[in-house]
Amino acid sequence: MPAKSLSGGGRPLFPPGPAGMLLYAVDAVLTPGSPVSDIGQLTALASDAVAVGGGHVLDTSHVTFPNGAVTLVLILAESHLAIHTWPEDNLIAIDLFSCGAIDGPRVAAELARLLRLDDVRMQRIERGPGARP
């Protein structure tokens, strides 16, 4: 199945807001073609998605667990992107925390496309002082 779009009818799922602290939490289903088991490819694709959203990768770190699950963290000039996989359940969780100018919905949409994800669900959560509930 192709990845689901994170935009609706050509407009962003979430309209751009003021630059502030935002968490974009993405949960999705891994498809058989999802290239998440190769940490080099996953890192490159995640870095590409960040660049598409206007972000800048400063460093990366990862752990591969005995069952093939992966945790990948990209340290960004704008904050961080964390990817966690559960291959036994075909699940992936992606957290993009931004305290700078980065297009979170665009990063998430690009990750969904590049990683061939299905059933993509995203929440936008304001963080920090003055954040709305």
Side-chain angles (χ1 to χ4, degrees):
M1 281 188 190
K4 305 261 192 248
S5 173
L6 291 177
S7 63
R11 68 186 203 309
L13 183 64
F14 296 107
M21 292 186 229
L22 295 172
L23 172 65
Y24 297 93
V26 178
D27 295 311
V29 174
L30 297 169
T31 63
S34 296
V36 297
S37 60
D38 178 330
I39 194 63
Q41 187 175 14
L42 178 61
T43 302
L45 293 173
S47 297
D48 290 348
V50 166
V52 164
H56 305 86
V57 177
L58 302 177
D59 202 0
T60 66
S61 185
H62 76 276
V63 175
T64 302
F65 296 92
N67 68 343
V70 172
T71 294
L72 170 67
V73 179
L74 279 65
I75 308 301
L76 309 178
E78 300 78 16
S79 195
H80 67 272
L81 172 76
I83 298 174
H84 313 280
T85 68
W86 290 267
E88 67 276 14
D89 295 321
N90 294 322
L91 297 176
I92 186 169
I94 302 167
D95 297 320
L96 172 62
F97 186 71
S98 169
C99 53
I102 189 170
D103 188 340
R106 189 160 179 203
V107 172
E110 188 68 3
L111 280 169
R113 185 184 74 78
L114 292 172
L115 300 180
R116 300 181 199 118
L117 305 179
D118 198 12
D119 192 21
V120 178
R121 298 168 311 283
M122 183 170 78
Q123 299 176 61
R124 176 180 170 216
I125 303 163
E126 292 185 24
R127 303 286 304 268
R132 292 178 286 182

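If you're wondering where the values come from, they're calculated on a predicted model, not measured in any experiment.
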| task | Any chance you could lay out the side chain to side chain contact (heavy atoms under 4.5 Å, CB included) test for L111 and L81, step after step, and finish with the verdict? | result | CA-CA 11 Å; L111 280 169; L81 172 76; 4.2 Å; yes
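- A69 and T85 get closest at one heavy-atom pair: CB-O, 3.2 Å.
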Below 3.5 Å, can you tabulate the donor-acceptor pairs from side chains in residues 87-94 to any protein atom, sequence neighbours excluded?
unit_1 : atom_1 : unit_2 : atom_2 : d
E88    : OE1    : N67    : ND2    : 3.0

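- Partners of E126 according to the side chain to side chain donor-acceptor pair (under 3.5 Å) rule, which considers only residues two or more places apart in sequence or in another chain, are R132.
- Within the 4.5 Å cutoff, side-chain heavy atoms of L117 are placed close to those of L30.
- Legend: ring-ring contact (aromatic ring centres under 6.0 Å, His included) pairs involving residues 28-61, not counting sequence neighbours: none detected.
- No single ILVMFWY cluster, assembled from side-chain heavy atoms under 4.5 Å apart, contains both L58 and I102.
- If you take CZ on R113 and CG on L45, they are separated by 9.0 Å, rounding to the nearest 0.5 Å.
- Residues forming a side chain to side chain donor-acceptor pair (under 3.5 Å) with T60 (at least two apart in sequence, or on another chain): none.
- Side chains of L42 and L115 form a contact here, defined as non-hydrogen atoms less than 4.5 Å apart.
- For T64, the side chain to side chain contact (heavy atoms under 4.5 Å, CB included) criterion is met by H62, V70, not counting sequence neighbours.
- Applying the side chain to side chain contact (heavy atoms under 4.5 Å, CB included) rule to V52 yields the partners R106, E110; only residues at least two apart in sequence or on another chain are considered.
- Residue S34 holds its OG atom at 10.5 Å from CD of Q41, rounded to the nearest 0.5 Å.
- The shortest non-hydrogen separation linking M122 to A108 is SD-CB, 3.6 Å.
- Listed by chain and number, the hydrophobic cluster partners of F65 are V63, where partners are ILVMFWY side chains within reach of under 4.5 Å, directly or through others.
- Linking Ile, Leu, Val, Met, Phe, Trp and Tyr residues whenever their side-chain heavy atoms come within less than 4.5 Å places M21 and I125 in a single cluster.
- Partners of D59 according to the side chain to side chain contact (heavy atoms under 4.5 Å, CB included) rule, which considers only residues two or more places apart in sequence or in another chain, are I75.
- Here the CD atom belonging to Q123 is positioned 8.5 Å from the CG atom belonging to L23, to the nearest 0.5 angstrom.
- For residues 68-126, every residue pair satisfying the ring-ring contact (aromatic ring centres under 6.0 Å, His included) rule, not counting sequence neighbours, is listed here: H80-F97.
- A pairwise comparison of heavy atoms in V107 and A49 identifies CG2-O, 3.6 Å as the closest pair.
- Side-chain atoms of T31 come within 3.5 Å of backbone N or O of R116 as a donor-acceptor pair.
- Qualifying side chain to side chain contact (heavy atoms under 4.5 Å, CB included) partners for S47, counting only residues two or more places apart in sequence or in other chains: T43, V57, L74.
- Here the CG-CD1 distance, from L72 to I39, works out to 4.5 Å after rounding to the nearest 0.5 Å.
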